[in-house]
Student: 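Take a look at the following structure, please.
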Amino acid sequence: MNEQIATLKSWVDQSDNIVFFGGAGVSTESGIPDFRSVDGLYNQKYDYPPETILSHTFFMAQTEEFYRFYRDKMLCLDAQPNAAHRKLAEWEQQGKLRAVITQNIDGLHQKAGSKEVLELHGSVHRNYCMRCRKPYGVEEIAQGTGVPRCTCGGIIKPDVVLYEESLDEYTLDKSLAYIQNADILIIGGTSLAVYPAASLIHYYRGKKLVLVNKTPTSADGKANLVIHGAIGEIFSQL
């Protein structure tokens, strides 16, 4: 075990107020693609870049094309939690971890057993009718074709935050409160490039800011501990 991982393990062992803030890198190790990474998603079978397709404007104007991309690229329902998800759930059960704050929409933290999960960008597992607000599970979306419609005739929309849409204020406020009061804030699997979620780091008041990411981030210089590597691999050593 290298020195940085040993330090993090020591901090975790002594704490009962850890908060974890994670991004796409937590899910990629479970086989879920990060559409921002250089894996060619931009140049596959779509006429628009993912950021355009996953916008409110595009959803409203070209709903069928949105759902073609969404079903193909955003619904990874067979994905399983990796070592990072499992370790975070274990820490919560031990009374060490207070909350997981995630930018991911895949529900893998809950699948691993985490209870206090704040989903900044929503979840593919929740869907609702835009007309009558009737809720729908993800199965109706995944198994259907074209534009999914409610029994009332309204269009069903995933409960995910699209580009041009605001984050849920209650979720954001609760996330801020956890971060402000945390002993240890671990940020993992994110380049801290997506705002406003990335700005949450500025609310941390403690002296144990940990960054775990494959590549350097703009916040490395502010962190008390930086570990570069695959988050699942690192967490499996804790």
Side-chain angles (χ1 to χ4, degrees), residues 4 19-44 46 48-59 66 69-70 73-74 76 79 82 84-85 88 99-109 117-124 158 160-169 171-176 178-180 182 184-204 208-235:
Q4 287 98 336
V19 172
F20 179 82
F21 173 52
V26 180
S27 293
T28 51
E29 290 179 57
S30 291
I32 294 178
D34 173 11
F35 65 79
R36 266 183 217 87
S37 63
V38 288
D39 63 358
L41 276 191
Y42 287 99
N43 303 311
Q44 290 182 7
Y46 301 95
Y48 306 90
E51 282 92 343
T52 299
I53 298 174
L54 297 174
S55 69
H56 180 82
T57 297
F58 193 93
F59 176 82
F66 168 91
F69 178 88
Y70 183 80
K73 295 297 180 188
M74 308 303 286
C76 305
N82 60 55
H85 297 105
L88 291 165
V100 168
I101 301 164
T102 181
Q103 298 177 83
N104 299 326
I105 58 175
D106 48 50
L108 287 180
H109 285 292
V117 182
L118 300 172
E119 297 169 310
L120 293 174
H121 296 157
S123 172
V124 299
V160 299
V161 179
L162 301 176
Y163 287 98
E164 305 165 347
E165 295 179 347
S166 301
L167 301 188
D168 177 73
E169 283 191 27
T171 305
L172 192 57
D173 288 345
K174 200 170 179 186
S175 299
L176 288 176
Y178 273 121
I179 287 172
Q180 285 175 332
I184 302 173
L185 174 61
I186 303 174
I187 298 176
T190 173
S191 59
L192 293 171
V194 179
Y195 285 83
S199 62
L200 295 181
I201 185 175
H202 303 306
Y203 292 85
Y204 177 60
K208 290 177 180 172
L209 174 61
V210 182
L211 292 184
V212 181
N213 199 46
K214 278 187 176 178
T215 56
T217 76
S218 58
D220 282 14
K222 301 172 189 170
N224 304 103
L225 183 63
V226 177
I227 305 174
H228 289 149
I231 191 166
E233 190 179 308
I234 290 162
F235 271 47

Student: More than 12 heavy atoms of other residues, nucleotides or ligands under 6.0 Å from CD of E233: is that the case?
Tutor: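 Not buried by this count: 12 neighbours or fewer within 6.0 Å.
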Student: Are H121 and Q103 linked by a side-chain donor-acceptor pair shorter than 3.5 Å?
Tutor: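 No, because no side-chain N or O of H121 sits under 3.5 Å from a partner of the opposite role on Q103.
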Student: Working note: V26 + N104, criterion side chain to side chain contact (heavy atoms under 4.5 Å, CB included); need CA distance, chi angles, decisive distance, verdict.
Tutor: CA-CA 8 Å; V26 180; N104 299 326; 4.0 Å; yes
Student: Give me the atom names and distance for the closest heavy-atom approach of F59 to P158.
Tutor: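 Nearest heavy atoms, F59 then P158: CE1-CD, 4.2 Å.
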Student: Taking atom types as modelled, find out whether E119 and T171 have a side-chain donor-acceptor pair closer than 3.5 angstrom.
Tutor: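 Checked: E119/T171 side chains show no N/O donor-acceptor pair below 3.5 Å.
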Student: Checking side chain to side chain contact (heavy atoms under 4.5 Å, CB included) for the pair I231/E29: CA distance, chi angles, key distance, verdict?
Tutor: CA-CA 8 Å; I231 191 166; E29 290 179 57; 3.2 Å; yes
Student: Heavy atoms, side chains only, cut-off 4.5 Å: are V210 and L185 in contact?
Tutor: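 SC-SC contact between V210 and L185 ruled out.
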Student: Minimum heavy-atom separation for V161 to L120, with atom names?
Tutor: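 Looking at all heavy atoms of both residues, the shortest contact is CG2-O, 3.7 Å.
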Student: I need the minimum non-hydrogen distance between C76 and P33, along with the two atoms involved.
Tutor: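 Of all heavy-atom pairs spanning C76 and P33, the closest is SG-CD, 4.0 Å.
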Student: Can you tell me how far CG of L209 sits from NZ of K222, rounded to the nearest 0.5 angstrom?
Tutor: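 Output value for this atom pair is 9.5 Å.
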Student: If you apply the rule side chain to side chain contact (heavy atoms under 4.5 Å, CB included), what do you find for T217 with T190, and how did you get there?
Tutor: CA-CA 8 Å; T217 76; T190 173; over 6 Å; no
Student: Please find the pair of heavy atoms, one from F58 and one from I53, that lie closest to each other, and give the distance.
Tutor: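 For F58 versus I53, the nearest heavy atoms are CD2-O, 3.5 Å.
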Student: With a 4.5 Å cut-off on side-chain heavy atoms, are E169 and L172 touching?
Tutor: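 Side chain of L172 against side chain of E169, heavy atoms only: no contact under 4.5 Å found.
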Student: Judged by atom type as modelled, is there a donor-acceptor pair below 3.5 Å linking the side chain of E164 to the main-chain atoms of S55?
Tutor: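 Checked: no pair found.
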Student: Please check if the side chain of S30 supplies one atom and the backbone of I32 the other of a donor-acceptor pair under 3.5 Å.
Tutor: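 No, S30 side chain to I32 backbone: no donor-acceptor pair under 3.5 Å.
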Student: Please test D220 against H228 for side chain to side chain donor-acceptor pair (under 3.5 Å), starting from the C-alpha separation and ending with a verdict.
Tutor: CA-CA 10 Å; D220 282 14; H228 289 149; 3.0 Å; yes
Student: Is any side-chain heavy atom of F66 less than 4.5 Å from a side-chain heavy atom of L162?
Tutor: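 A side-chain contact under 4.5 Å exists here.
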Student: If you measure from CG on L118 to OH on Y178, what distance do you get to the nearest 0.5 Å?
Tutor: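 L118 CG to Y178 OH: 6.5 Å, rounded to 0.5 Å.
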Student: Side chains of L88 and F235: does their closest heavy-atom pair fall under 4.5 Å?
Tutor: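 Of all side-chain heavy-atom pairs linking F235 with L88, at least one is under 4.5 Å.
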Student: Enter the distance from Y70:OH to L54:CG here, rounded to the nearest 0.5 Å.
Tutor: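 So the OH of Y70 and the CG of L54 are separated by 9.5 Å.
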Student: Run the side chain to side chain contact (heavy atoms under 4.5 Å, CB included) test on L200 and L176 for me, step by step, so that the C-alpha distance in whole Å, both residues' side-chain angles and the decisive distance to 0.1 Å come before the verdict.
Tutor: CA-CA 7 Å; L200 295 181; L176 288 176; 3.3 Å; yes
Student: Which pair of non-hydrogen atoms, one from P50 and one from F69, has the smallest distance, and what is that distance?
Tutor: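 It is CB-CZ, 3.9 Å.
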Student: Roughly how far, to the nearest 0.5 Å, is the CG atom of N213 from the CG atom of L211?
Tutor: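 Spacing of CG (L211) from CG (N213) equals 8.0 Å.
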Student: State the OH-CD1 distance between Y204 and I184, to the nearest 0.5 angstrom.
Tutor: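 One gets 7.0 Å once the value is rounded to the nearest 0.5 Å.
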Student: So, for V124 and V160, which heavy atoms are closest and what is the spacing to 0.1 Å?
Tutor: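 Closest heavy-atom pair between V124 and V160: N-CG1, 3.9 Å.
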Student: Supply the atom-to-atom distance H202 NE2 to I179 CD1, rounded to the nearest 0.5 angstrom.
Tutor: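 If we round to the nearest 0.5 Å, H202:NE2 and I179:CD1 are 11.0 Å apart.
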